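Each remark here refers to the structure printed beneath this line.
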Amino acid sequence: MYIRVAVPIPRLEPLTYVVHDHEGVSVGFRVVVPVGKRLLTGTIVEVNSTPIAKAKYVEEILDTGPTFSPEMIELARRVSDYYLCAWGEVLQAALPNGMQPNAVMRIRLERPLSVSELEALRRRAPKRAALIEALEESQGDVTVAYLQKKMMSSYVSDQLEALLRDGWISIHQERVRQTKSRMIRCVTPSKALKEDDTLLRQTLDSLDRHAPRQSLALAFVLLHFVETPIPVNYIVEQTGVGIGSIDALITKGLIEQSLRDYHYQDELGGLARPDEHQLVLHDQQQLAYDRIASTLHASTFDVHLLQGVTGSGKTLVYQRLIKDALSAGKAALLLVPEIALTPQLGDRFRAMFGDSVAILHSRISMGERIQIWNRIASGSIRVVIGARSAILVDVPKLGVIIVDEEHEPSYKQEDPAPRYNGRDVAIMRAQIVGCPVVLGSATPSMESYQNALTGRYHHHKLTIRADNAAFPTIRLLDMRQLHKTRQLRGSFALETLQQIASRIQRHESVLVYLNKRGFATQIQCHDCGNVEMCLHCDVALTYHKHPGVLKCHYCGISAPFQHACQVCGSTDVYEIGTGTQRIEEELTSALQDYCSRTPSIARMDADTTARKGQHRKLLGQFSSGHIDILIGTQMVAKGLDVARCTLVIVVNADLSLYHTDFRASERTMQLLLQVSGRAGRRAIDQGMVILQSYSPLHPTMQLCLDGESRIDKIHAWYGQELQARQESGYPPFTRFIAIEIRSHDEVAAQHHAEIVFAMLPKDDRCIVAYPPMIPSISRIRNVYRRVVIIKNPREHDPSGQKCRSYLRSLQQSYHKHHAAADVRISIDMDARGTL
Ligand code: ADP
Ligand code: ZN
Ligand code: ZN
């Protein structure tokens with residue numbers, strides 16, 4: 001029988017092979033096949049295909065059942081077609097993170113094979129049989145390296161994975177535990193209160209009168225206690241009451257204290273949360289829910305844009321939809337921008353759906369991953385939550401797909417192929433499955449907004465905050481003016497410092513946000529003007545005061561700071577830019593003059609959250625009041641829901657406006673509204689946001705002045721921005737495509753960029769090509785880059801099909817006629833605007 005096999009090699013269409021009929025393979029099986037001189041693992045995408053002369057035999061069949069469903073095979077085909085990569089590359093990306101042989105893995109044979117089993121395996125998969133024999137011989141756990149040596153081949157990982165999935169072997173990973181378990185203080189309601197309803201009512205009544213905060217804390221404990229003691233920190237975080245109130249309850253014997261050993265992961269995950277089952281949808285939620293649920297029940301494809309202000313209750317709508325999907329015997333997929341940054345969201349879904357939820361993140365070990373994968377395939381996990389790659393997980397019987405914060409740039413994969421956008425693949429997938437997809441956001445992407453305007457997507461709007469929290473007051477400070485009148489101190493306006501101080505005095509917390517771009521501190525020489533640059537990349541080095549190193553954020557190298565200019569040797573060097581460390585110093589010293597007590601300040605950035613669990617820990621300390629001021633970059637803007645945070649400062653609100661990215665205004669608007677939404681999420685106290693801006697009259701700054709309270713202004717802003725995009729020919733009116741040319745040789749990079757540009761049509765309305773340009777970072781890790789930009793106007797090529805087939809043939813003929821050893825080209829469909 002002839003079969004077609006998709007292999008993970010760029011530009012390669014599926015290849016035809018021969019397999020014996022009795023092997024019983026079908027579409028979705030993985031096989032090892034010879035490609036040139038190599039052996040590769042590919043996936044069968046067609047059986048009984050047209051015979052070809054000289055087709056080679058399949059080396060080995062890896063699976064006993066299909067790894068991919070027909071639905072996934074079809075999705076991968078569409079993704080490869082749209083993003084101009086190989087079918088096999090997409091399928092490879094969809095695997096549960098392949099076997100990355102690593103030193104801490106130990107392989108164990110689960111049980112000896114009988115002679116006949118081994119015989120059968122030998123016929124079908126000689127290599128796997130040899131592996132089993134090697135394991136039998138070794139009589140104990142062995143490393144991957146041992147097996148590679150024994151087999152005289154480094155290519156054992158796919159075979160091991162197949163054996164693992166069939167249950168012949170198990171893999172043990174010595175886990176490096178990064179966070180030690182620690183004892184934390186927990187409480188449970190006293191026995192008397194649990195058993196005596198009358199006593200309970202009397203107690204609450206009397207507390208209500210004399211100690212309302214204690215009453216709040218006690219009510220919370222009673223409401224949330226199921227079996228697990230509740231950490232004190234968690235109560236503080238959720239209710240905003242002080243530790244003192246809880247201690248008072250303990251002293252009165254109303255709650256009992258215990259110490260428990262929690263691993264960081266279990267901290268909150270397993271606990272009951274406010275019972276969201278019980279909440280009643282508000283009118284706007286109900287309206288949106290009803291319409292989406294009807295497409296869910298009809299199993300029809302539809303795209304719903306759920307535009308809801310921060311705190312409007314989008315998550316509750318997701319939960320209800322997922323619940324419906326489950327009760328209809330179906331599954332659900334929820335995409336979130338960065339799983340590590342949204343621990344609170346994961347907790348809420350765990351609380352509601354318990355064990356049927358899988359939260360996929362990059363730190364799951366390979367063994368666990370395969371286990372989860374199997375449980376998803378068997379239907380015991382039916383709610384899958386993950387970042388963009390979760391869209392490629394083969395979840396059977398999908399009933400609904402939800403993309404939260406659909407506008408986030410992190411949905412776009414940059415490198416390697418497939419360079420897909422998780423949101424757009426979600427739509428392709430929903431189309432194949434026949435189910436609704438929900439795109440949720442407070443600030444939709446221009447693309448989705450336009451699709452909602454033209455009626456391609458249903459548009460649902462949530463304009464009120466479900467939790468009754470008031471929208472924050474927003475102050476837009478004109479920094480130019482304040483500079484003139486000397487009302488600045490370093491990066492801060494005096495008014496900002498006063499506001500911070502007053503919150504600190506009231507024991508409330510403050511979030512200080514640095515707009516992403518320009519957050520780095522660099523070193524410049526006073527004498528020659530030299531800015532210290534990376535030797536391998538075309539970027540300035542970032543100065544990290546502690547521990548005194550200069551670091552490249554692109555290639556990762558770091559070197560001790562010499563306090564001297566590398567060009568002229570002058571020691572008159574100084575810091576430029578505003579890094580989080582510098583802001584921390586400025587605040588510490590300035591606040592001494594404004595506050596009677598010294599606030600505790602922490603930074604949240606890539607440096608302070610590198611270790612596992614660190615991010616969550618900082619959030620926890622911030623919400624429990626152990627940190628008064630949290631300084632951070634966009635990491636702090638996400639998913640932070642902290643009761644006591646009543647003031648948000650944006651130090652450099654407009655920095656991201658002046659960027660060459662055509663999405664600069666859109667991103668600024670999204671970031672500022674998102675970070676503003678962090679202020680005063682509880683009704684107790686109205687929050688305040690201070691935007692320090694050097695261009696307060698910019699329309700995007702003016703929009704932010706009203707924050708999310710004026711939905712009409714937000715819509716008007718979208719209208720203006722769409723018009724600007726249309727006039728300058730940018731998405732959503734065109735598809736923005738970047739062809740990147742890379743080489744260690746700068747001349748070659750330029751030369752090949754010109755070749756590529758010359759190959760593009762100049763008089764075709766479907767393709768508007770721009771001459772090669774030098775991207776803002778022209779060299780990374782000593783590889784030079786050039787970019788050729790293409791715009792594909794939708795008006796002339798609605799589906800983009802013409803442009804794609806053109807680019808496909810360009811790929812082929814470039815490689816046939818011009819390919820050079822040290823030059824790589826890659827096509828990025830719907831590329832980011834920052835090049
Ligand atoms: P979003 O995802 O839109 O930012 P959330 O779903 O996180 O908003 O909702 C914010 C808060 O409001 C949550 O604490 C949630 O439990 C609560 N909430 C949501 N919907 C309702 C409702 N209908 N009634 C009461 N509280 C609600
Ligand atoms: Zn110098
Ligand atoms: Zn570098």
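Just so it is clear, the structure is predicted and the values come from calculations on it, not from any experiment. Remember, it's 1-based here, ligands and their atoms both numbered in the order they're listed.
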For this session: Provide the number and element of each atom of ligand 1 under 4.0 Å from a heavy atom of Lys314.
Result: 1 (P), 2 (O), 3 (O), 4 (O), 6 (O), 8 (O)
For this session: Give the ring-plane orientation class for His563 versus Phe561, where under 30° counts as parallel, over 60° as perpendicular and anything between as tilted.
Result: tilted
Exercise. By number and element, which atoms of ligand 1 are closer than 4.0 Å to a non-hydrogen atom of Leu281?
Worked result: 23 (N)
Exercise. For Gln670 and Glu666, does a side-chain donor sit closer than 3.5 Å to a side-chain acceptor?
Worked result: yes
Seminar exercise, completed: Closest to atom 23 (N) of ligand 1 (heavy atoms only, candidates Val280, Asp404, Leu306) is Val280
For this session: Indicate yes or no: at least one non-hydrogen side-chain atom of Leu398 is less than 4.5 angstrom from one of Leu333.
Result: yes
Exercise. Which angle, to the nearest 10 degrees, do you find at the Zn ion (ligand 3) between SG in Cys552 and SG in Cys534?
Worked result: 110°
Exercise. Atoms of ligand 1 less than 4.0 Å from His282 heavy atoms?
Worked result: 23 (N)
For this session: Would you please classify the geometry between the His458 ring and the His304 ring as parallel, tilted or perpendicular, with 30° and 60° separating the classes?
Result: parallel
Exercise. For Arg348, is the nearest heavy atom under 4.0 Å from an atom of ligand 1?
Worked result: yes
Exercise. Below 4.0 Å from any atom of ligand 1, is there a heavy atom belonging to Gly311?
Worked result: yes
Exercise. Less than 4.5 Å apart, any side-chain heavy atom of Leu691 and any of Ile474?
Worked result: yes
For this session: Check the angle between the aromatic planes of Tyr449 and Tyr718 and answer parallel, tilted or perpendicular using the 30° and 60° thresholds.
Result: parallel
